[in-house]
Amino acid sequence: MQKEVVILGASGFLGYNLFGHLKSSLKDYKITGTYYQHKRSEEFFFLDICDKKQLGTYLLGNEPEILILLAGSKDLQRCEKNYSFAHAINTQPIIDIVEIIEKHNLNTHILFFSTDYVFDGQHESYKDSDIPDPSTNYGKSNFEAEKRLLNSSVSFNIIRTSAVMGHGARFFDWLIDSLKKSKETDLFKDILFTPTHLVLLANLTEIFIRNYKENNKQKILHFVGEKSFSRYSFGIMVATVMGKRDLIVASQASGIFQKNLILEQSEFARNNKNIKMEEFLEMELCNDKIH
Ligand SMILES: NC(=O)c1ccc[n+]([C@@H]2O[C@H](COP(=O)([O-])OP(=O)(O)OC[C@H]3O[C@@H](n4cnc5c(N)ncnc54)[C@H](OP(=O)(O)O)[C@@H]3O)[C@@H](O)[C@H]2O)c1
């Protein structure tokens with residue numbers, strides 16, 4: 001039987017891009033994906049991760065070799081207003097999946113995509129070995145899922161990524177749209193983050209899967225960009241590629257979600273050379289340049 005990689009949440013921003021990338025690069029695997037509300041491809045099948053019975057039926061019936069967990073909610077405001085929602089969508093499905101795999105002793109390896117928000121942003125930067133201390137419900141719900149995996153007997157890795165950039169990402173699309181409309185665009189100068197471009201994330205995930213049994217020793221990996229930026233300095237970089245540098249204006253941040261979140265790349269990411277953010281932006285924005 002052909003080995004299978006299934007992406008839960010293939011209809012989302014990360015899942016859709018990863019699905020396309022893995023389908024063209026991992027030819028010896030069958031790549032499948034799920035959707036919930038948006039059937040973006042005929043190849044996707046419906047699965048509600050909040051329904052344990054559905055999860056069980058799928059996992060027992062198919063026993064995929066690799067299960068990529070990219071279904072969840074990154075709606076910071078909604079998670080903050082309602083922890084039960086955050087737990088139900090970002091934690092409970094992982095608890096259920098672990099229980100099903102453990103109970104039936106399935107031969108399935110989990111790749112759980114977690115977030116920089118498991119850290120509170122009070123320290124200068126965070127390594128993959130640092131202990132999380134989330135201050136938002138979104139971060140807490142992801143950290144709870146991480147802990148369940150770490151306390152389980154299943155085969156897994158936790159891949160933390162942050163602020164993934166490319167067409168389809170809300171901040172990225174908003175910035176491009178604003179520059180295309182020649183609007184003056186205010187961006188925070190005092191808050192640092194670690195943008196990660198889509199190609200970097202997809203390449204690292206592919207390379208990791210190719211050899212996951214050997215790579216598996218380090219449980220938590222940071223697949224993030226190589227440099228931190230302020231929103232302002234990132235905006236300057238994007239606007240420069242688009243020929244609109246003068247439209248970016250510096251402003252000051254406020255609010256619970258505005259924190260310094262600088263993640264350091266894991267050794268695995270550093271050792272597998274990737275294209276730089278500047279090169280990615282040149283490729284990604286080739287049709288958006290303003291002449
Ligand atoms: N994007 C980032 O920069 C980033 C950074 C760090 C971590 N992450 C993590 O990566 C995950 C995916 O991020 P994303 O940017 O791809 O988010 P997204 O675009 O909002 O995608 C969310 C995915 O979850 C699916 N989903 C939602 N509710 C579901 C349910 N009840 N059952 C099954 N599937 C359900 C959605 O399916 P439908 O669209 O079909 O409803 C969609 O495929 C998130 O959980 C987030 O925490 C993302």
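Start at 1 and go down the list; that is how both ligands and their atoms are numbered.
- For H123 and N260, the side-chain atoms include no donor-acceptor pair closer than 3.5 Å.
- In summary, the aromatic rings of F113 and F223 are positioned with their centroids too far apart to meet the 6.0 Å limit.
- Looking from atom 3 (O) of ligand 1 to the surrounding protein, the closest heavy atom is V164 N, 2.8 Å.
- The N/O atoms of D116, backbone and side chain alike, include none that comes under 3.5 Å of an N/O atom in ligand 1.
- What sits closest to atom 32 (N) of ligand 1 on the protein, heavy atoms only, is I49 N, 2.9 Å.
- Residue contacts with ligand 1 for I89 involve side-chain atoms from C-beta outward but no N, CA, C or O (heavy atoms, distance under 4.0 Å).
- Surrounding NZ of K219 are more than 12 heavy atoms belonging to other residues, nucleotides or ligands, all under 6.0 Å away.
- Close N/O approach between S162 and ligand 1 is not found [any backbone or side-chain N/O within under 3.5 Å].
- Checked by atom type, the side-chain pair N90/S141 shows a donor-acceptor distance below 3.5 Å.
- Among protein heavy atoms, atom 21 (O) of ligand 1 sits closest to G12 CA, 3.3 Å.
- Listed by atom number, the atoms of ligand 1 under 4.0 Å from Y35 heavy atoms are 40 (O).
- Checking H87 against E144 by side-chain atom types alone, no donor-acceptor pair falls below 3.5 Å.
- Using a non-hydrogen distance threshold of 4.0 Å, Y138 registers as a contact of ligand 1.
- Between the side chains of K189 and S251, not a single donor N or O lies within less than 3.5 Å of an accepting N or O.
- Atoms of ligand 1 found under 4.0 Å from any heavy atom of G72, numbered from 1 in the order shown, are 22 (C), 24 (O), 27 (C), 45 (O).
- For H38, a nitrogen or oxygen atom sits less than 3.5 Å from a nitrogen or oxygen atom of ligand 1, counting backbone and side chain alike.
- For D133 and Y126, the side-chain atoms include no donor-acceptor pair closer than 3.5 Å.
- By the 3.5 Å distance cut-off applied to N or O atoms, A10 is not counted among the residues near ligand 1.
- Annotation: atom 35 (C) of ligand 1 to nearest protein heavy atom, Y36 CB, 3.5 Å.
- Among all non-hydrogen protein atoms, the one lying nearest atom 33 (C) of ligand 1 is L47 O, 3.0 Å.
- Scanning the protein for heavy atoms near atom 31 (N) of ligand 1, the closest one is D48 OD1, 3.0 Å.
- Distance screen at 4.0 Å: atom 44 (C) of ligand 1 has no protein heavy-atom neighbour inside the cut-off.
- Using a 30° and 60° split on the angle between ring planes, F280 and H197 fall in the parallel class, below 30°.
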Inset, instruction - Apply side chain to side chain contact (heavy atoms under 4.5 Å, CB included) to the pair L22 and K27, showing each step before the final yes or no. - result: CA-CA 8 Å; L22 296 182; K27 295 288 185 198; over 6 Å; no
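- Within 6.0 Å of NZ in K276 there are 12 or fewer heavy atoms belonging to other residues, nucleotides or ligands.
- Of all protein heavy atoms, the one closest to atom 41 (O) of ligand 1 is Q37 N, 2.8 Å.
- Of the heavy atoms in Y16, none comes closer than 4.0 Å to ligand 1.
- Residue-level proximity to ligand 1 for A163 is carried by the backbone, the only part with a heavy atom below 4.0 angstrom.
- Under 3.5 Å, the side chains of H109 and N157 contain a donor-acceptor pair of N or O atoms.
- Figure legend: K39 and F46 shown without cation-pi pairing, the cationic atom not lying both under 6.0 angstrom from the six-membered ring centre and within 45 degrees of its axis.
- With values rounded to the nearest 0.5 angstrom, L111 atom CG is found 4.5 Å from I159 atom CD1.
- Applying the 4.0 Å criterion to heavy atoms of G9 picks out, from ligand 1, the atoms 43 (O).
- For the pair C50 and ligand 1, the shortest N or O to N or O distance does not fall below 3.5 Å.
- Looking from atom 7 (C) of ligand 1 to the surrounding protein, the closest heavy atom is S114 O, 3.3 Å.
- In this structure, N211 places its CG atom where more than 12 heavy-atom neighbours from other residues, nucleotides or ligands lie under 6.0 Å away.
- Considering backbone and side-chain N/O of F113, none are found under 3.5 Å from N/O of ligand 1.
- Checked against a 3.5 angstrom limit, the closest N/O atoms of K74 and ligand 1 fall inside it.
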